Amino acid sequence: MANEGKEYFSKKTIEGFSKANVATVRDSEGRPVLFVRSDGIRKRPGKQSWRSIVADFNREFRIGDEPSFYGHIVRPIHDDEESGASFEIIANYLFRKIPDPISGQDLYLILGALDRFFSDLPGIRIDLYRIGMLGELLVLLYLRKAGWTNVLDSYHTKATNRHDFEVSPRLRLEVKATVEGATRIHSFSHSQLVRKDCLVIVASCLLEESDKGPTLKDLFDEALADSSSLNAEAFLALEAARYKCALTPDDPGPGIARERAESLIRFFDSRDLPHLEIPDDIRGVSDIHYRVDCNQGTPISVEEVLGKVRSEIGHL
């Protein structure tokens, strides 16, 4: 093997990966590293460090008498358990994301975006974020069980997306969740209720916390079960959300009475919900939010929801 590779791979782990596009191997000390095949254009080697990962680009490798080849190496900076978990997510994402050899510059851009997911936790109310994620996962799994097998393909991939599920340019699904009470009062942005360019379906969830029911971690595990078929962006969106929930073996998040919660899911056409009659062009005013009692709207059935999805994308 060329000298550049010796610092990364033990003899035992290099055999058989020379034709792989992305491969997880071990360095000489047994630590995980990720090999990503270069696009074949030899460029000057370079190294870049972020807060959680380090990458070595455009290195030359040779195994025995085989022709040399070029690749990039990605590894975690730290050896702690949290770094190992985030690196495993990064590796699984890259396996899905990179179908062909890739240049160092393109990989650099991907890794820079990935690193932001596993840096400091965002300044959010963890308790509220967890309740919101319980609702999203409950609805996701409920719709999948109802027949929308590819529901994750529509799951939002960025925190800045306006809605939780984007089925098509003409159809969106927004999930609202609250701990069970007497009313379905949820907070909305005004723009979510009055969009004219697309239909927004609101899924309202009332959650009863239960020590005997599935936890937030359980719902994440179920959503990601058999995740080999998940596309790269859906996989990362779920894993990034799980990371933001700060779950640990000692703190798997709140549990819910699932059967009751599923029986209380209601779907609404957002245009049928109460909203303020506000002109679209109030100068200097934006980002208006208010609370709405969804019980004042008329529910639509899950079958009607699935029918609208099928009419937009042709399948479930």
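For the single chain, residues carry numbers from 1 onward in sequence order. Side chains are part of it too, since the values below use all heavy atoms of this structure and drop only hydrogens, waters and symmetry mates. All of these numbers come straight from a predicted model, not from anything done at the bench.
- No continuous path of hydrophobic side-chain contacts links L264 to I131 [ILVMFWY only; heavy atoms under 4.5 Å].
- Considering only residues two or more places apart in sequence or on other chains, D197 meets the side chain to side chain donor-acceptor pair (under 3.5 Å) condition with R195.
- A side-chain donor from one of S204 and H186 sits under 3.5 Å from a side-chain acceptor of the other.
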task = List the steps, then state whether side-chain contact (heavy atoms from CB on, under 4.5 Å) holds for V54 with Q48.
result = CA-CA 6 Å; V54 60; Q48 173 68 43; over 6 Å; no
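- Here the CG atom belonging to L273 is positioned 11.0 Å from the CD atom belonging to Q192, to the nearest 0.5 angstrom.
- R242 and D221 are joined by a salt bridge, as a carboxylate oxygen and a charged side-chain nitrogen come within less than 4.0 angstrom of each other.
- F61 is listed as a side-chain neighbour of R59, based on a closest heavy-atom distance under 4.5 Å.
- Under the 4.5 Å side-chain heavy-atom criterion for Ile, Leu, Val, Met, Phe, Trp and Tyr, I288 and V194 are members of the same hydrophobic cluster.
- Annotation: side chain of F165 is in contact with side chain of V175 (closest heavy-atom distance under 4.5 Å).
- Looking only at distances, a side-chain donor or acceptor of S270 sits under 3.5 Å from a matching main-chain atom of V200.
- Between the CZ atom in R260 and the OG atom in S210 there is a gap of 11.5 Å [rounded to 0.5 Å].
- Across all non-hydrogen atoms, the minimal contact from C198 to P169 is CB-O, 3.3 Å.
- Residues in residues 129-145 take part in these salt bridge (Lys or Arg N to Asp or Glu O under 4.0 Å) pairs, two or more places apart or across chains: R130-D251, K145-E262.
- The two residues V302 and A146 have their closest heavy-atom pair at CG2-CB, 4.2 Å.
- Between L247 and P252, every side-chain heavy-atom pair lies at or beyond the 4.5 Å cut-off.
- Checked against side chain to side chain donor-acceptor pair (under 3.5 Å), T24 has no partners two or more places apart in sequence or in another chain.
- A salt bridge is absent between E208 and R258: the closest approach of a Lys/Arg side-chain nitrogen to an acidic carboxylate oxygen does not fall below 4.0 angstrom.
- Transitive grouping of hydrophobic side chains (ILVMFWY, heavy atoms separated by less than 4.5 Å) keeps I265 and L206 in distinct clusters.
- The number of heavy-atom neighbours closer than 6.0 Å to CG of D211, taken from other residues, nucleotides and ligands shown, is 12 or below.
- At least one side-chain heavy atom of L143 sits less than 4.5 Å from a side-chain heavy atom of L173.
- Expressed to the nearest 0.5 Å, how far CZ of R271 lies from NZ of K196 amounts to 10.5 Å.
- The main-chain N or O of I98 is found under 3.5 Å from a side-chain atom of N21 such that the two form a donor-acceptor pair.
- Listed here is the closest heavy atom pair of S189 and H289: CB-NE2, 3.5 Å.
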message = I'd like to know whether L94 forms a side-chain contact (heavy atoms from CB on, under 4.5 Å) with L111, so could you lay out the CA-CA distance, the side-chain angles of the two residues, the decisive distance to 0.1 Å, and finally the verdict.
response = CA-CA 9 Å; L94 293 178; L111 294 177; 4.1 Å; yes
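- Side-chain atoms of P274 and D293, non-hydrogen and from C-beta on, never get closer than 4.5 Å to each other.
- Remark: K176 is positioned above the aromatic ring of F188, its terminal NZ or CZ atom under 6.0 angstrom from the ring centre and at most 45 degrees off the axis.
- For H190 and Y290, the gap between ring centers is short of 6.0 Å.
- Across every non-hydrogen atom of C205 and V139, the tightest pair is SG-CG2, 3.4 Å.
- For the salt bridge (charged side-chain N to carboxylate O under 4.0 Å, His left out) test, no residue two or more places apart in sequence or in another chain qualifies with D153.
- Counting only residues at least two apart or on different chains, no ring pair (Phe, Tyr, Trp, His ring centres under 6.0 Å) pair has a member in residues 128-148.
- Atom-to-atom distance recorded for L224:CG and L238:CG is 5.0 Å, nearest 0.5 angstrom.
- Between I256 and L219, some side-chain heavy-atom pair lies under the 4.5 Å cut-off.
- Looking at R172 and E174, no side-chain N of the basic residue comes within less than 4.0 Å of a carboxylate O on the acidic one, giving no salt bridge.
- The structure places CD1 of I201 at 12.0 Å from CG of D272, a figure rounded to the nearest 0.5 Å.
- Residues P32 and R75 come closest through the heavy atom pair O-CB, 4.1 Å.
- Residues satisfying the salt bridge (charged side-chain N to carboxylate O under 4.0 Å, His left out) criterion with E209, sequence neighbours excluded, are absent altogether.
- S168 pairs by the side chain to side chain donor-acceptor pair (under 3.5 Å) definition with E312, not counting sequence neighbours.
- Here S301 pairs with E303, E304 under the side chain to side chain contact (heavy atoms under 4.5 Å, CB included) rule; sequence neighbours left out.
- Here the side chain of H72 pairs a donor or acceptor atom with the backbone of N58 at under 3.5 angstrom.
- Using a 4.5 Å cut-off on side-chain heavy atoms (C-beta onward), L134 and P254 make contact.
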query = Is there a side-chain contact (heavy atoms from CB on, under 4.5 Å) between I102 and S38 once you walk through the steps?
reply = CA-CA 5 Å; I102 188 172; S38 169; over 6 Å; no
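- For the residue pair S49 and I77, the shortest heavy atom distance occurs at CB-CD1, 4.4 Å.
- Tracing side-chain contacts under 4.5 Å through hydrophobic residues (I, L, V, M, F, W, Y), one reaches L236 starting from L109; they form part of the same cluster.
- Looking at heavy atoms from C-beta onward, T178 lies out of side-chain contact with I185 at the 4.5 angstrom threshold.
- Every side chain to side chain contact (heavy atoms under 4.5 Å, CB included) that P299 has, sequence neighbours left out, goes to R266, F268.
- Residue pairs meeting the ring pair (Phe, Tyr, Trp, His ring centres under 6.0 Å) criterion with at least one member in residues 86-111, sequence neighbours excluded, are W50-Y108.
- Both I313 and V151 are members of a single hydrophobic cluster when ILVMFWY side chains are connected at heavy-atom separations under 4.5 Å.
- With sequence neighbours left out, the salt bridge (charged side-chain N to carboxylate O under 4.0 Å, His left out) criterion links D127 to R125.
- Atom CG of residue L171 and atom OG of residue S311 lie 7.5 Å apart, to the nearest 0.5 angstrom.
- For S68, the side chain to side chain donor-acceptor pair (under 3.5 Å) criterion is met by E60, not counting sequence neighbours.
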request  = Tell me, with the steps shown, if L138 and L207 meet side-chain contact (heavy atoms from CB on, under 4.5 Å).
outcome  = CA-CA 10 Å; L138 181 73; L207 307 177; 3.9 Å; yes
